[in-house]
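To start, the structure under review is shown below, and the notes come after it.
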Amino acid sequence: MEIKVHYLSPFMEITEAKNEIIKTKKELTIAELLEQLVERYGERFAKFIYRYDANKQIEGYRVIIKKNDYLAKKDDFIKDGDQITLITAIIGG
Amino acid sequence: MENNFLLRVNLTTGSVEKESIPKELIKNFLGGSGLASKYLYDEVPPAVEPYSPENKVIFAVGPFQGYPVPGGAKWSVVSKSPLTKTFAVTTAGAEWGVHFGKTGYQLLIIEGKAEKPVYLYIGDEKASLEDGSNLWGKDALKTADKIRDNHSDKNLSVASIGPAGEKGVGIACIVADKHSFAGRCGIGAVLGSKNLKAIAVKGNREMEYHDEEGFKKLNKELFLMLSDSAKEGYRPHGTALDLMGCEQVGDLPIKYWTEAEWPEGAEKIGAPNFTKEVNAKPWPCKFCPVGCHHHVDFEYEGERIIGAGAEYESLGMLGSNCLVDDVKAVSKANELCNRLGIDTISAGSFVGFTMEAFEKGLISETDLGGRAANWGDGKFLLEMVMEIGNKEGFGARFSRGIKPAAEEIGKEALDLIVEVKNLDFPAHDPRSYFSLAINYATGTRGACHLRGYSHVGEGGAMLLPEMGHDQVPERFSMEKKAWIAKTYQDLAALHDSLVICIFIPIHGMNLTEVAKILNLIKGTDYSPKDLMEIGERIVNLQRQINIKDGISKKDDVLPKKMFQPSRSGFRKNQVPEPFNETLEEYYKLRGWDSEGVPLPETLAKWGL
């Protein structure tokens, strides 16, 4: 199955692409997709995905995930053709 | 040295006097906007005419200013607002707060009215009123340059007003060191009404520490952590980084709050396109490891524009809010606002409202001096900014704010405006973050995302585990949103009183570390909970100022548009309901009665 992933800044500067297609044989949850992306793009990418505690252990997510038009939960399953947008937790000035 | 002094400047008599601040007040209100609010409450009568000599403007720093605390260059200023006619507070950064802190003063109380234009010079040993006649009429940026020349000191820190402040434009701001703006509520116009053009400060005193070694060790760790946290986010792009994300979640104002999607436009005016097109480079405030402010250098219509770049709020309100997707035109509008000395948020709101009123036929080309006001017209945006700031043409209608301007046009126009207590919404939509509905409605200065950053707590950008907020709540629900609104208002009041920039805690310096730093400097023993209680005391004090100015539940309302859902996008069919029940829940959490008035036992609890 194919998942369309849409990156906004600062993710797009790390991935060097605004969009990419992730091909997978297994059905993935949002959390599993994020793990795969972190594995691919490394620590720079991970810093915008996870929130860390004082001991640098992951304690939660700081990324907002949009699945098609809707806010997704991390245990939501992704279907073939879904578009996933990664958005940093927003502050806005 | 202890900086437990205030400087009182009476512009009517020309007197400049130093006074002690009672230690009890510092214990209860810390400094910054909290302490300044206390003096405003005690010294300025209710319902005072904001432009009268009886109104005062109180500049304030807190326990962090003068020390190299990350984000500690901030300062606050409070007064009575010409827009809201009640409590006003706004903050800025650059270097002014550091210098004022190093003079040994915590407060500067400006009272009366000068006979002719003056500016105030404050050094370590002296403070004096200087002739400002040759500054009157100059823009806010040139004013800073001229004062630095006068004193042959290019490092002098200057807070100045522009022509808008001189002319009584109700959205006039105060510009610090040409790149930070005490933007909202029109306090720049109050300074103008007093004939005070600028305040120049140079502080050099050595600061005393309770535990200097302990402070230096922790402070270094925090600087490294914060610097790393911001290095691929706000440092390269500033808050323009958030444009596209805010659009994706329906938070960005689009077409004066009538649309929820504009991805192509957001991409054009947001980072990274913004960064590239206007050649944006970091221009951090003193002691800032984040560096959200940016210096820009670009050409627009044959003119080279150099100076402070637009931030998220300015790009949102002057850009997407008006459907102007030319990032250089929006950046030029931002530069005009900076020079005129006006709040970019309200200026963008006025232009967006004008475009909508024109589209709906409520105003005509004749009203507009023979022009159309079409969505996306960058030239019209620039013309309107000039008119608003100079109090000329159609723009002059907004000099008392958006509500009086709409009232002149008629009832249908009143249905379009997006404000609370005559303060325009900033660029965050309560239909995307429901907690903002309560936060805006009850904000002590009107609709504000900085005197209560509930969206930051709701969206997960800054949780508050010390207060039990360690999970992102259900988004499109009012459950827990009253608590989030209250808690993040208290937190903002605390930050504005320390004074520390919001972007420091957001980038990882938690409340526990804030308390540790404070205790290492001052030898105090504050816990995070103690500090939050001080924040709550301050919010109640500011609410009391509102109440005495005639504010009540009738004013804690949201504009009609906030209950009109989008038909598409991320927040499709979502509105912040049930609003009234959640407002009641908020009042109860605060210890206020059903009319929003603090109960006697609440006032007693906070010693008010």
Side-chain angles (χ1 to χ4, degrees), chain A residues 4-20 30-31 34 37-38 41-76 82-93, chain B residues 228-229 232-234 236-249 251-252 261 266-267 270-273 275 292 311-316 426-428 432-433 449-450 453 455-456 459-463 465 470-472 475-476 502-503 506-508 510 512-513 568-572:
Chain A
K4 297 174 193 166
V5 184
H6 178 45
Y7 299 111
L8 306 180
S9 193
F11 294 109
M12 66 164 77
E13 284 136 309
I14 298 168
T15 60
E16 297 181 350
K18 277 198 256 185
N19 300 290
E20 75 174 320
I30 294 287
L34 293 176
L37 295 175
V38 164
Y41 293 112
E43 190 189 345
R44 285 173 68 202
F45 192 89
K47 277 169 53 183
F48 292 101
I49 298 290
Y50 300 119
R51 205 172 56 244
Y52 298 92
D53 65 16
N55 300 315
K56 302 200 171 173
Q57 299 300 304
I58 294 170
E59 65 173 8
Y61 293 90
R62 60 178 291 200
V63 67
I64 297 169
I65 302 292
K66 206 168 120 173
K67 187 172 79 169
N68 304 322
D69 255 353
Y70 300 98
L71 180 66
K73 293 190 172 144
K74 304 303 182 288
D75 54 359
D76 285 355
D82 278 346
Q83 173 162 305
I84 305 299
T85 306
L86 273 60
I87 306 163
T88 51
I90 286 155
I91 308 158
Chain B
D228 185 58
S229 176
E232 290 193 89
Y234 280 181
H237 300 297
T239 52
L241 180 77
D242 288 336
L243 249 292
M244 285 196 283
C246 288
E247 188 278 335
Q248 285 288 312
V249 298
D251 185 38
L252 187 71
E261 295 178 285
E267 187 168 356
N273 196 52
T275 318
C292 76
E311 299 173 27
Y312 167 82
E313 295 295 326
S314 312
L315 293 165
H428 297 284
S432 178
Y433 294 97
H449 67 299
L450 290 178
Y453 358 92
H455 60 307
V456 172
M462 179 173 62
L463 298 176
D470 55 6
Q471 296 290 325
V472 176
R475 187 161 191 133
F476 295 116
I502 179 189
F503 287 149
I506 280 175
H507 280 84
N510 62 37
T512 304
E513 289 158 338
S568 64
F570 182 77
R571 58 174 167 80
K572 180 180 176 182

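Not measured: the values here are computed from a predicted model. Lettering follows sequence order; numbering is per chain, from 1. Computation of the quantities below employed the complete heavy-atom set of this structure, encompassing side-chain atoms and omitting hydrogens, waters and symmetry-equivalent molecules.
Considering every non-hydrogen atom in both V38(A) and A46(A), the closest pair reads CG1-CB, 3.8 Å. Taking every heavy atom of both residues into account, L243(B) and G270(B) meet most closely at CB-CA, 3.5 Å.
Interface residue I506(B): only side-chain heavy atoms are found under 4.5 Å from chain A. With a 4.5 Å cut-off on non-hydrogen atoms, C246(B) touches chain A through its backbone and its side chain both. Neither the backbone nor the side chain of L252(B) comes within contact range of chain A; no heavy atom of the residue lies under 4.5 Å from a heavy atom of that chain. For L71(A), the parts lying under 4.5 angstrom from a heavy atom of chain B are both the backbone and the side chain. Proximity to chain B is absent for every atom of L86(A), based on heavy atoms less than 4.5 angstrom apart.
Annotation: the span from I502(B) atom CD1 to L450(B) atom CG amounts to 6.0 Å, rounded to 0.5 Å. The CZ atom of F45(A) lies 7.5 Å from the CG atom of L34(A); values are rounded to the nearest 0.5 Å.
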Here's a test: name every donor-acceptor pair under 3.5 Å between chain A and chain B, with the distance for each.
unit_1 : atom_1 : unit_2  : atom_2 : d
E13(A) : OE2    : H237(B) : NE2    : 2.4
K18(A) : NZ     : E267(B) : OE2    : 2.4
R44(A) : NE     : E232(B) : OE1    : 2.8
R44(A) : NE     : E232(B) : OE2    : 3.1
R44(A) : NH2    : E232(B) : OE1    : 2.5
K47(A) : NZ     : D228(B) : O      : 3.1
K47(A) : NZ     : D228(B) : OD2    : 3.4
K66(A) : NZ     : Q248(B) : O      : 3.0
K66(A) : NZ     : Q248(B) : OE1    : 2.9
I91(A) : O      : H428(B) : NE2    : 3.4
I91(A) : O      : H455(B) : NE2    : 3.2
G92(A) : N      : Y234(B) : OH     : 3.4
G92(A) : N      : D242(B) : OD2    : 2.8
G93(A) : O      : H449(B) : NE2    : 2.6

